[in-house]
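Both backbone and side-chain heavy atoms feed into the values below; hydrogens, waters and symmetry mates do not.
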Amino acid sequence: MSRTWAMAVLQQGHGAPVVILNHDEPAFYAVPAEMYERLMDRLEDIELTEIVREREGQPEIEVDIDDL
């Protein structure tokens, strides 16, 4: 796939993901960089939320910074 062809396909998506088909089946999705970064940030937020929920109700341990 040439770089020019790939960029033309992404531009035709007008900022939305574009599916690349192989024998009428999705082979991969081309996602603009800005959208990909937002997706990764959102996934990280979801993972951190799960960690917080798992730790809810656990006893707190007080730590003095000078003891570290």
Side-chain angles (χ1 to χ4, degrees):
M1 166 180 3
S2 73
R3 185 169 212 222
T4 306
W5 179 86
M7 291 308 295
V9 169
L10 273 178
Q11 288 173 348
Q12 290 175 12
H14 302 287
V18 177
V19 63
I20 307 302
L21 302 175
N22 182 23
H23 301 290
D24 293 328
E25 293 290 327
F28 67 92
Y29 294 89
V31 181
E34 183 178 312
M35 180 177 283
Y36 178 82
E37 291 168 9
R38 286 195 319 262
L39 283 168
M40 293 298 103
D41 287 344
R42 182 67 179 126
L43 285 173
E44 183 179 12
D45 289 347
I46 291 168
E47 290 172 358
L48 290 173
T49 299
E50 288 175 5
I51 291 170
V52 168
R53 287 187 178 145
E54 287 172 4
R55 294 180 181 177
E56 268 182 334
Q58 289 184 353
E60 293 182 20
I61 301 171
E62 291 201 29
V63 177
D64 186 336
I65 190 105
D66 295 325
D67 294 337
L68 297 177

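By the side chain to side chain contact (heavy atoms under 4.5 Å, CB included) test, L21 pairs with V19, P26, sequence neighbours left out. Looking at residues two or more places apart in sequence or on another chain, you find no side chain to side chain contact (heavy atoms under 4.5 Å, CB included) involving D24.
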Cut-off 3.5 Å, no hydrogens considered: what does the side-chain donor-acceptor table look like for residues 31-38, sequence neighbours left out?
unit_1 : atom_1 : unit_2 : atom_2 : d
E34    : OE2    : R38    : NH1    : 3.1

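The shortest distance between side-chain heavy atoms of I20 and N22 does not fall below 4.5 Å.
There is no path of hydrophobic side-chain contacts, each under 4.5 Å, that joins L43 to V52. Hydrophobic clustering of Ile, Leu, Val, Met, Phe, Trp and Tyr side chains at less than 4.5 Å, counting indirect connections, unites W5 with F28.
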